[in-house]
Structures are given as C-alpha cells and as structure tokens.
Participant: 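I am attaching a structure below and will ask some questions about it afterwards.
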Amino acid sequence: MPGRAARGPKRKDDARRAIHGSLLSQASRFCRALAAGNDAALARPTFAAAADARPVARARRASEPLETRTRYRAAISLHFGHERCPRRTRGAPMTATPERFSCGALRADAIGRTAELFGWINRRRDHGGLIFIDLRDREGVTQIVFNPEHPSFPMAEKLRSEDVVRVVGAVRARPEGTENAKLATGAVEVGIEQLEVLNRSEVPPFQVNAEDDVDESLRLEYRYLDLRRPRMQRNIRLRHRIVKAFRDYFDERDFVEIETPMFIKSTPEGARDYLVPSRMNPGTFYALPQSPQLLKQICMISGFGRYMQIARCMRDEDLRADRQPEFTQLDVELSFVTQEEVMQMMEGAVAHAWRNVLGIDLSAFPRLTHAEALRRFGSDKPDMRFGLELVDASARFVTSEFVVFRGALDAGGAVLALRYPGGASLSRRDFDALTESAKLFGAKGMVWIALGADGVKSSAQRFLDDATVEALRADTGAERGDAVLLFADARESVSSIAGKMRLEIGERCGLRDPAKFSFCWVTEFPYLEMDEESGKPVPAHHPFSAPMPGQWDLIDSDPLAMRAQHYDMVLNGFELGSGSIRIHDVELQKRIFTMLGMSEEEIEDRFGFFVRALRYGAPPHGGMALGIDRIVMLACGEENLRQVIAFPKNQVGRDVMMDAPSPVPERLLRDLYLRSVAPSAESAR
RNA sequence: GGCGCUGUAGCUCAGUUGGUUAGAGCGCCGCCCUGUCACGGCGGAGGUCGUGGGUUCGAGCCCCAUCAGCGUCGCCA
C-alpha cells in the first residue's frame with residue numbers, strides 16, 4: 001500500500017511534465033514562426049485558398065487596418081484550434097475492433113486499422129458514382145469515401161450538412177496524388193463499412209462549415225451552431241487552458257480557492273447592483289456581487305492567508321465591446337504582504353499562463369506611475385506596443401501670437417505635440433477628417449504640420465516660424481515625411497485627447513499588432529478624485545485601499561494629493577485589473593467612510609459587518625483581481641468579449657438565444673411581494 | 001440619455017441622377033457526374049428592400065418619425 005501511494009503522484013508528475021514538454025515545443029515553434037513573420041507557416045492554408053477564390057472578401061480583408069489580427073488568429077488556431085493535432089486522444093478503444101478515433105486524429109500510422117468515428121457532416125462532395133464526406137468533430141475533419149457498390153451509398157446520398165453520424169470503416173492511404181496537404185488527416189481516408197445516422201439537422205440558418213462573418217445577433221440566437229465553428233471552439237478551449245494555468249499556478253503556491261456567495265448584501269457604492277428579491281424575507285433583496293471584495297478581505301481576517309477564486313461578478317451598467325454585465329475575475333488576496341509582493345505574484349501568474357498556454361515568454365513588466373502614464377501616453381492604461389509619446393510643447397508657444405494656444409496656456413493649460421509617422425502625405429482633406437475625429441474625442445481643434453519633401457505645410461502656417469517648427473520636429477523626433485499634430489486645452493483634457501489621438505495614429509500606422517503583448521504596471525494612483533457632480537472628493541477606486549505610507553496626514557490638509565497603494569495591470573491599452581494594499585485598521589477605515597460623507601448610522605448599516613470584522617485581529621493584507629474575459633480576448637486576438645464567452649449578452653443585456661430577461665407569471669411576482677410598474681407590453685397595447 | 005454606422009433573398013453583399021420585371025456569390029431543391037476536398041455541369045425555387053408616414057406622375061434610392069443590431073460618450077466604487 002505505501003508503495004502504491006508513493007508511485008501514484010510520481011506517475012502523475014511524469015505525465016504532467018510530458019504534456020508540458022510537448023506544449024512548450026509546439027509553442028516555441030509557433031513563436032519562432034511569429035517572430036520570423038513566416039506567413040507560410042502561420043496562415044491557415046484553407047483560408048488562403050478561400051481568399052484567392054473570393055476577390056471581394058479578400059479586398060475587404062486587405063482594407064482592414066488590422067489584417068495582422070486575422071493572421072494572428074489563424075496562427076493560434078493552428079496550435080490550439082480545430083485542426084490541431086490532438087494533445088490527448090480521448091477514448092481508449094471500446095473493443096478490440098473497431099477502434100474509436102476522433103476526426104482529427106487519423107494519420108498515416110493508422111492505415112490498416114478499422115476506425116469508428118462520430119461527428120457532424122461538414123461537407124458532402126457527391127460525384128454521382130462516388131461520394132466524399134468530410135466528417136467533423138471538435139478535433140478536426142476526416143474524409144469518408146462511399147463507393148456505389150456499398151449498401152450505405154443510398155443513405156450517403158441523403159446526408160446533409162450538420163447531420164450526426166457514426167461511421168465505421170477501414171483507414172487507408174489515399175490514392176497517390178489525391179492526398180490533401182491542407183488537412184492534418186489529409187494522408188488518409190476511411191472507406192465506409194457501416195454508416196449510422198444518429199440524428200438529422202435542419203438546414204442551418206448560417207453555414208457552420210464556412211469561416212464567413214455572420215451577423216452577430218444571428219450567431220447569438222443560434223449560439224450552439226456558432227460554437228461548433230473552429231474559431232469559437234478554439235477561443236473557448238484557449239480560455240479553459242488559461243483559467244487552468246491560473247488555478248495551477250496558485251495551487252502550487254498554497255492558495256485556497258474559496259467560493260464566495262452569489263447572494264450578498266447590497267452596498268450601494270460604485271456600480272448599480274443586480275438585485276434578487278427574497279421570498280422568505282418580504283420586501284428585502286440580495287445583491288449579486290459586483291466583486292467578492294469584502295468577502296475576500298474577510299477570508300484574510302479568517303486566517304486563510306492566501307485566497308484565490310475564479311469569481312463571477314455582475315454589474316448593472318451600460319455595456320461595451322469590452323464590458324459584459326456578468327464577467328469573470330481571477331480574484332486574489334494575500335495576508336502579510338507588500339504591494340511589491342502582490343505585484344510579483346500576479347505578474348508571475350500571467351507570465352505562467354502566457355508561457356504554458358501561448359508559449360510566449362514575457363519579460364518583466366515595465367512600471368510607470370499614474371502621473372507618468374498620463375504625461376507620456378495621455379492615459380492611465382497606456383498601449384505600450386508602440387512609442388509616439390506625447391510631447392509637452394507648451395514652452396514653444398509662451399510668446400506665440402497664436403491666440404488659441406496662448407489662450408490655453410494663459411489659462412494654465414498645455415500644448416501637446418504628437419508625431420504622425422508618414423503623415424506628411426496626407427491631403428488637407430485627410431487632415432480635416434483627422435481633426436473631426438479629434439473633435440469627437442473632445443478637442444476644440446487641431447493644428448497639423450506636414451514635414452513634406454517639398455517643404456513644410458501647416459494649418460497654422462503664419463504663426464509658425466522656422467525655429468518653432470524645427471524645435472517641434474526635434475522634440476517629437478519627427479522626420480521628413482512625418483507630420484506633427486498639436487492640441488491645446490486645459491491640461492487634463494488635452495492629455496486625454498492627445499492620448500486618444502495617439503491610439504488613432506498607432507492604429508493607422510499599423511502599430512497596434514494583436515500578436516504583440518505589451519504588459520505594464522501603473523502605480524501610485526491618486527487616492528481621491530473630485531466628483532464633478534457633487535464637488536466632493538470620492539475614492540478613485542474603492543474605499544478599502546490604503547494610502548501610500550506616510551500620506552495619511554494629507555487627508556485633512558491636501559486630500560487630493562494623497563496617493564494610494566494601488567496598482568493596475570495593463571495590456572495593450574486595456575486595463576486587465578487592479579489591486580491594492582487594503583486598510584486593516586478599523587479606525588482608519590471608518591475615517592475614510594466618514595470623509596466620504598457617511599454618518600455613523602450609514603457606516604453601520606452598510607458596512608457594519610465588515611467594520612466589526614476588522615476589530616478582531618485583521619491582518620495586514622492586499623490583493624488584486626484580473627479580468628479573465630479581457631485577458632482571453634487579447635490572447636485570442638479578438639476585439640470583443642462575446643467571442644470568448646460561450647453564452648454572452650448583447651448590448652442591452654439580452655440573451656437572444658434564451659430570450660432573457662423575460663416577463664414572469666403574476667403568481668411568481670406575488671410570491672416575491674413584487675409588482676411591476678414598468679410600461680408593460682399590456683399597457684402599451 | 002447623446003452621437004455615429006448598419007438594416008435589400010436563408011447567409012454575405014451590390015444596386016448608377018428617383019424611371020420598365022430588384023441582382024451576384026454562397027446556401028437550399030432537382031437532374032447529371034468514379035478521386036474530390038470551397039468538387040464540377042445544367043436547371044429551379046426563394047424578396048413586406050427593418051417598420052410607419054411624407055414628397056413625387058413614379059421611391060430600394062429623397063425627407064420625417066420609429067424599431068433593431070453594433071460602436072462610442074455619459075456610466076462602470
């Protein structure tokens with residue numbers, strides 16, 4: 001017995017190492033190809049062939065600024081997707097013969113064996129006297145051949161796309177010259193022996209076997225068909241492996257995954273809550289968690305020391321491409337840690353996932369302070385994939401006669417300059433359009449300077465002397481053929497405008513490469529910010545973060561100058577998540593609440609349970625939460641979260657497959673002591 | 001709540017200055033085809049041009065309103 005116990009784990013370790021090793025070698029091949037820009041190795045051959053046959057589709061794709069995104073997706077598909085050689089062949093043989101195979105598993109070495117395959121009809125090629133079927137399952141596609149002499153031939157003539165069948169047949173080499181190099185299983189085919197139709201499919205509303213873009217609400221309505229397609233199979237599987245990598249990483253470091261409740265107390269701060277009425281407690285409501293923030297802090301007070309959870313969170317706010325009403329966080333909290341230790345731990349987790357899932361070794365994340373991020377990039381979530389940093393050109397215009405700039409400067413504002421590589425080739429009309437997009441970001445205007453080969457042109461020519469132009473050129477690092485854009489306004493708004501224009505320029509210049517991953521940390525966030533509505537200071541994030549050491553004294557003298565022990569992880573211009581060292585001192589916590597304008601009673605009512613917990617030996621602690629959906633979205637090269645969530649909501653929070661939310665019978669409302677006052681379908685009629 | 005884009009066949013899309021019977025590719029249906037693999041060939045069915053109103057001799061096209069989808073600003077401690 002002791003012997004067996006000792007052998008078990010060891011075997012498991014060996015297996016893990018073996019899998020690990022094979023992944024790493026796959027991954028490094030992938031990375032080498034990416035780095036070498038080896039399109040031949042990266043592009044899906046079927047995709048390339050499709051593009052040739054469809055000039056219209058090809059032209060549309062070529063006109064996309066992010067054509068590289070498609071290339072990247074195709075590349076990861078090769079390694080994680082539908083046509084990948086299966087990592088594990090599931091399902092050992094049920095009997096001696098036939099052996100069960102997945103549709104992506106058959107290779108030359110299976111020739112001569114009898115295979116049993118289950119799958120969907122991907123495509124039927126009927127030659128009258130000979131029928132080929134591409135049978136598809138989650139692993140790939142295998143060609144089945146029906147000869148007219150075989151009794152199943154008439155059945156094969158009736159097979160249609162998405163019918164579900166069981167097939168038994170002999171694995172054999174394809175006749176010489178008919179091998180298909182585009183297919184992993186292209187060397188072999190299965191000669192039919194038995195065909196069993198397990199289920200029929202109606203004609204699907206869109207083609208499951210094509211990579212075409214289909215209207216997204218139709219995809220959502222028939223999500224099960226959409227999920228059958230290689231792209232979504234790949235995304236959801238990649239998601240699983242990233243989540244598993246996180247769980248493994250934290251498990252190896254003695255973290256405990258603790259499930260926190262979905263029905264909790266509404267703490268009316270921050271986002272709008274989703275509410276759940278309580279039948280057993282008339283007139284009262286649970287809230288669904290916006291995050292397990294207080295619960296994970298209480299886990300620290302409970303002495304768990306190292307907590308993690310793949311946590312579902314819900315926020316009832318308007319949606320965006322990168323915001324769903326329910327989403328998933330990698331939630332982490334540790335006791336007795338410094339900010340530095342939390343950051344190292346989280347950076348390690350992400351590096352672990354990238355190495356093990358994507359096969360990419362990340363170097364240490366650069367760090368910048370909040371102030372620095374705003375100054376250099378005009379954003380607290382800078383896209384560090386490219387330079388084109390903002391340049392403060394205020395000093396160049398202090399004596400300028402240009403009223404617009406002088407006005408902004410005299411009012412304490414700033415003039416910011418931005419290099420536009422290759423921008424000199426733009427026409428006046430192009431610059432006008434660019435100015436319009438700047439105005440959409442809130443700019444009052446934009447001055448452009450084109451450093452063309454035939455001289456300098458500008459929208460503010462007569463206010464710019466040669467020395468100023470030369471100075472701006474030197475400041476921004478612009479070269480002949482580039483343009484320099486100038487914006488002037490109050491410091492905060494001009495920074496944000498120029499920051500958004502920087503992204504626009506980066507996009508136009510193809511610098512936002514989805515295959516490039518530029519992580520960074522942003523630190524030293526302001527503790528408080530001025531709420532424009534109320535004119536009162538409010539926490540820039542949440543009221544449980546601790547200020548930077550030694551800054552408590554500022555709370556009375558200069559509260560807005562306080563910095564928090566708060567840090568954000570940023571990837572390619574997306575905020576992946578934030579964390580902080582928390583307040584563990586009950587008096588300090590109450591002082592924050594009080595400063596936010598809460599009375600003693602309100603504190604007790606909303607946070608009494610938490611304040612009480614802090615009194616009983618709460619350890620110093622801190623942590624972080626990362627948005628899994630966004631991480632997976634970027635890892636998949638996708639542009640919106642719906643592509644990495646199996647069953648997402650649309651922009652108004654509807655599940656169009658289930659048709660939720662929906663009205664409920666009056667009786668259910670009565671049980672909950674509820675009455676709807678919404679303008680109902682009835683009253684509308 | 002504001003702004004922008006989109007809405008034409010089952011799907012993806014064209015549709016000229018407002019002018020006869022609204023087109024293409026894919027899919028679907030039928031027939032033919034023994035080495036295809038986005039098979040091929042021939043034939044066919046399929047349309048409330050999102051909806052309502054207006055202008056006009058005449059509207060897919062112009063105007064107004066409205067609905068839906070997406071994007072975005074506000075919002076998201």
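On a predicted model such as this, the values are computed, not experimentally measured, just so you know.
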Participant: Between B/C29 and B/U17, how many Å separate the two C1' atoms, rounded to a whole number?
Facilitator: 40 Å
Participant: Quick test of the criterion, 5.5 Å between centres and less than 30° between planes. Is A/Phe206 stacked on B/C11 or not?
Facilitator: no
Participant: Rounded to the nearest 0.5 Å, how far apart are CZ of A/Arg123 and CD of A/Glu162?
Facilitator: 10.5 Å
Participant: Taking only the P atom of each, what is the distance from B/G40 to B/G35 in whole angstrom?
Facilitator: 15 Å
Participant: Using the C1' atom on both, measure B/A65 against B/G25 and round to a whole Å.
Facilitator: 36 Å
Participant: Once hydrogens and angles are ignored, does a donor-acceptor distance under 3.5 Å link the base of B/C76 to the side chain of A/Arg323?
Facilitator: yes
Participant: Give me, pair by pair, the N or O atoms of the protein and of nucleotides 27-31 of chain B that are less than 3.5 Å apart, along with how far apart they are.
Facilitator:
from	atom 1	to	atom 2	distance (Å)
B/G27	O4'	A/Gln207	OE1	3.4
B/C29	OP1	A/Arg160	NE	3.0

Participant: Under 5.5 Å centre to centre and under 30° between planes: does that hold for A/His127 and the six-membered base ring of B/U36?
Facilitator: no
Participant: Using atom C1' in both nucleotides, what's the gap between B/G47 and B/C42 to the nearest angstrom?
Facilitator: 25 Å
Participant: Below 3.5 Å is the cut-off: list the nitrogen or oxygen pairs between protein and nucleotides 6-9 of chain B, distance only.
Facilitator:
none

Participant: Quiz question: going by heavy-atom distance under 3.5 Å, is there a donor-acceptor pair between the base of B/G35 and the side chain of A/Glu189?
Facilitator: yes
Participant: Go through the N and O atoms of the side chain of A/Asp215 and the base of B/G69, and report whether any donor-acceptor pair is under 3.5 Å.
Facilitator: no
